[in-house]
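Taking it in order: structure first as structure tokens, then the write-up.
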Number of protein chains: 4
Amino acid sequence: MTTEPANPRYRSERSHKAILDAALKLCLEQGFARTSVDAIAKEAGVGKQTIYRWWPSKAAVLVEAIDRQSAPSIEFPDTGDIYADLRDQMVAVAKYFQTTQSSTYREVIGAAQSDPAAAQAILDTLVNPRVQGCRRRLERAQQQGQIRTDAVLDDVVELIYAPLYYRLLLGARPNTPSQVEDILNLVFDGIRPQTPNPPSTDD
Amino acid sequence: MTTEPANPRYRSERSHKAILDAALKLCLEQGFARTSVDAIAKEAGVGKQTIYRWWPSKAAVLVEAIDRQSAPSIEFPDTGDIYADLRDQMVAVAKYFQTTQSSTYREVIGAAQSDPAAAQAILDTLVNPRVQGCRRRLERAQQQGQIRTDAVLDDVVELIYAPLYYRLLLGARPNTPSQVEDILNLVFDGIRPQTPNPPSTDD
Amino acid sequence: MTTEPANPRYRSERSHKAILDAALKLCLEQGFARTSVDAIAKEAGVGKQTIYRWWPSKAAVLVEAIDRQSAPSIEFPDTGDIYADLRDQMVAVAKYFQTTQSSTYREVIGAAQSDPAAAQAILDTLVNPRVQGCRRRLERAQQQGQIRTDAVLDDVVELIYAPLYYRLLLGARPNTPSQVEDILNLVFDGIRPQTPNPPSTDD
Amino acid sequence: MTTEPANPRYRSERSHKAILDAALKLCLEQGFARTSVDAIAKEAGVGKQTIYRWWPSKAAVLVEAIDRQSAPSIEFPDTGDIYADLRDQMVAVAKYFQTTQSSTYREVIGAAQSDPAAAQAILDTLVNPRVQGCRRRLERAQQQGQIRTDAVLDDVVELIYAPLYYRLLLGARPNTPSQVEDILNLVFDGIRPQTPNPPSTDD
DNA sequence: TAATAATCGAGACGGTACGTCGTGTCTTGCT
DNA sequence: AGCAAGACACGACGTACCGTCTCGATTATTA
């Protein structure tokens, strides 16, 4: 795990799990900001020192907890239809971003703005693995001719995920499935007017 | 600012400005998280009460301070070329997001993840005015036929701004001018392969 | 009060008193060592900071509290009979040293062994005023010819008080009134054998 | 030492000594209060458990360590002149009480105010053996007519030692050889005015 | 011009949480 | 099998801030 020290000489597996569970539970109940390390320790039946021994901060605990919780759903689908796969994945993310649970993720990203180590942990543990999954799926699609060959895929990944995070973190508009689809259509077809030159075009 | 009262009488004007200046200065020097209300009050030569009289939180102070600082650059350019205008504006934003000053903005957005009132202030004061400026510019471009008529402009605005915020807040990659241009090209042309020949589907 | 800072710009008299009362109460109930600053603060309905603002340590709080409690009994009696006065005072001290309350005093002296500031406060606040009272009484007695003129009174004071503290702090034997009287007789008459016959010294 | 088990087998002898040495060394360097059991264990190259196996507390360790250190000087001199012997012994104690090493002893007595077991160990191990030595010397002197026959020797011992401890633990005045002698003269001759002439009473 | 009222600086207040240290017990794995 | 090394639950430490509440001094208005 990213946020662990190099040398877990030995750690109590029971305590480890109890800490992650307690952290998630309390954040769900009262929010990340209102959840103190003391409270996590008490809820987990653990000494505060044990938390500080294995994680550098409250945020780091929750990065690992969130990761463990969401690890199963990490794989990107591949049905052969890149549009459908992207849509399904984005809708799944959008739905998660609408849940109460994701508030914890949101607040952890917020805390990471003042905590470079936490920011790095988020990237390494939560964001990049999923981004890479998306990228690999895009690569296959590009090889199959479903995506322009000149598209820089790292940019494409960002273009797809960025609106979801924008809405999550700025809160201007909620992440709804229909808007996800609107965004995806724009990403596929662009905003340039349909080429006025005679030989053209889709709808 | 949203939370200001009707009658800032007496000595208030001087204090008001001193608070905003002190807040920006301290955040620049040591970051938002390490800047306490006490410290702002002391730096501004002001009683703590005076700060709480006008703003509900430290974040709210900085929303106003950042707004005052960036107010001049709020207008969206209109040279007639929507691509060039978007590129110039995005590059300007990207450059700002690379500065040290923007760290304060970044941290304030972070704090807002646990502070709905601050989140609303950010939207109302900092984000929405600029978003609306962008939207109005896009409307003119759409009327001039530079953008597809079926594009939903609110979505387009998000698609343009989201990657900038994504990089600001997730920190995966820096906001460089060249990447801004790559993104903009994707937004304009989409990722779907060119289909010059009318009858087509891939696979 | 000795242990207060020079500049009590203003302090809440209510809190001040509540802290001293709470400290004495908790020490009486569970002993000085088992009484934490947190507990005193909670019992007094006071913030911990308020304690640390006015006293450098838990021991300093209790020095002041004990002083306030015992201030009334500070005066040394003067009936004209120095022996009787010393006996009465010593017996009073011995009785106090046998009470549960004095355990707090005892433990505070114990803590002062590792805390020079507390040691000084004990001397200045609790010990020296009483020692001076005793000394002044001895001076009057010496002038009245009830005490040898060549006796160094500072030493006499110590000789009188020391056995009381010795028993208090070493705990070899309890401070009983009868032993007090034995000691006092020794102090008055010395241990040298009576030498009524003019020519005498033992080898 | 009181708390030692019956069978210190295996590697224990080396560890036992290392613990006592480490404890004394650390207390000398940084004081008893700032010396933790962990630190002693580390310094001695010993597991913490090994310390707790043999002693009930840090104070108990130091009682034994101090005892071992001062055991050689336990015997009371007997030159035949009780005054000279007492003076020599008291001066020796006074000198020791002025050394840095005695700070450890002082602090251990301090800690014992909140630790009855330690208090008992101090009495049994350090104080009573020396007190008994003094008492036995006084007995001989009394039999030789150098001390009043009606003097209760247990009280006399206390009267002699108490001022030394009073100064050690209260710290009002330092333990100097000359003051020791003043005290001793008072103990021998008392404070009552000389009444050499048969017919006499004070005022 | 003096008296009165308001506004503010300074900072004390009751609290909560922090991250560290020390305690005495328990666990692991080396020797 | 015995021990060092140190993880563990626990509890206290002293500090930093929070947001509220005095307290006086200074200012502005009214008498």
Side-chain angles (χ1 to χ4, degrees), chain A residues 7-16 18-19 33-42 44-58, chain B residues 7-12 14-15 18 33-42 44-53 55-58, chain C residues 5 7-16 18-19 33-42 44-58, chain D residues 8-12 14-15 18 33-42 44-53 55-58:
Chain A
N7 165 24
R9 260 187 54 98
Y10 73 86
R11 74 150 88 180
S12 156
E13 208 41 59
R14 189 216 140 264
S15 295
H16 187 158
I19 290 165
R34 305 179 61 96
T35 298
S36 66
V37 175
D38 293 69
I40 295 172
K42 184 147 289 184
V46 137
K48 231 192 318 181
Q49 194 66 249
T50 301
I51 296 180
Y52 285 111
R53 182 153 32 232
W54 301 112
W55 294 276
S57 67
K58 185 176 58 160
Chain B
N7 63 338
R9 332 183 261 163
Y10 295 124
R11 281 158 278 189
S12 62
R14 193 209 132 268
S15 296
R34 304 178 61 96
T35 298
S36 66
V37 175
D38 293 67
I40 295 173
K42 186 147 289 185
V46 137
K48 246 198 301 184
Q49 195 65 257
T50 303
I51 295 180
Y52 285 111
R53 185 153 35 233
W55 296 276
S57 68
K58 185 175 63 160
Chain C
N7 165 23
R9 258 187 56 95
Y10 73 86
R11 75 151 87 179
S12 156
E13 207 41 58
R14 189 215 139 265
S15 296
H16 187 155
I19 290 165
R34 304 180 61 96
T35 297
S36 66
V37 175
D38 293 68
I40 295 172
K42 184 147 290 183
V46 137
K48 232 194 314 183
Q49 193 66 248
T50 300
I51 296 179
Y52 285 111
R53 187 161 19 239
W54 301 113
W55 294 277
S57 67
K58 188 175 58 159
Chain D
R9 327 183 264 160
Y10 295 123
R11 277 158 280 189
S12 63
R14 193 212 132 267
S15 296
R34 305 178 60 96
T35 298
S36 65
V37 175
D38 295 68
I40 295 173
K42 186 147 290 184
V46 136
K48 244 196 306 183
Q49 197 63 258
T50 303
I51 296 180
Y52 285 111
R53 186 156 30 236
W55 296 276
S57 67
K58 185 175 60 159

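Residue numbers begin at 1 in each chain, while the letters A, B, ... track the order of the sequences.
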Measure the CD1-OG1 distance between D/Ile40 and D/Thr35 for me, rounded to the nearest 0.5 Å. 6.0 Å
In whole angstroms, the gap separating P of F/dG6 from CH2 of A/Trp54 amounts to 12 Å
Are any of the side-chain heavy atoms of A/His16 and A/Trp54 separated by less than 4.5 Å? no
Closest to side chain of D/Lys48, choosing from E/dC13, F/dT15, E/dT25: E/dT25
By nearest nucleotide on DNA chain E, pick out whichever of B/Ala44 and C/Ser12 is the more 5' one. B/Ala44
Spacing of NZ belonging to A/Lys58 relative to CD1 belonging to A/Ile51, to within rounding of 0.5 Å: 11.0 Å
Nearest of E/dC21, F/dG6, E/dA17 to any side-chain atom of A/Ser36? E/dA17
Report yes if at least one side-chain N or O of A/Ser15 is closer than 4.0 Å to OP1 or OP2 of F/dA9; otherwise report no. yes
Whole-Å distance separating the CZ atom of C/Arg34 from the P atom of F/dA12: 9 Å
Expressed in angstrom and rounded to an integer, what is the separation of D/Lys42 atom NZ from F/dA7 atom C1'? 12 Å
Report the residue (A/Gly45 or B/Thr35) whose heavy-atom-nearest nucleotide on DNA chain F is the more 5′ of the two. A/Gly45
CZ of A/Arg53 versus C1' of F/dA9: gap in Å, rounded? 10 Å
In whole angstroms, how far is the P atom of F/dA7 from the CG atom of D/Asp38? 11 Å
Looking only at non-hydrogen atoms, find the nearest pair between C/Ala44 and C/Ala18 and report the distance. CB-O, 3.5 Å
Whole-Å distance between F/dC17 C1' and B/Tyr52 OH? 8 Å
What are the two closest non-hydrogen atoms of B/Gly47 and B/Ala41, and how far apart are they? C-CB, 4.2 Å
Nearest-Å distance for atom pair NE2/P, residues C/His16 and E/dA12: 15 Å
Toward the 5' end of DNA chain F, by each residue's nearest nucleotide, B/Gln49 or A/Gln49: A/Gln49
Phosphate OP1/OP2 of E/dG14: any C/Thr50 side-chain N/O under 4.0 Å: yes
Can you tell me how far P of E/dG19 sits from CD1 of A/Ile40, to the nearest Å? 11 Å
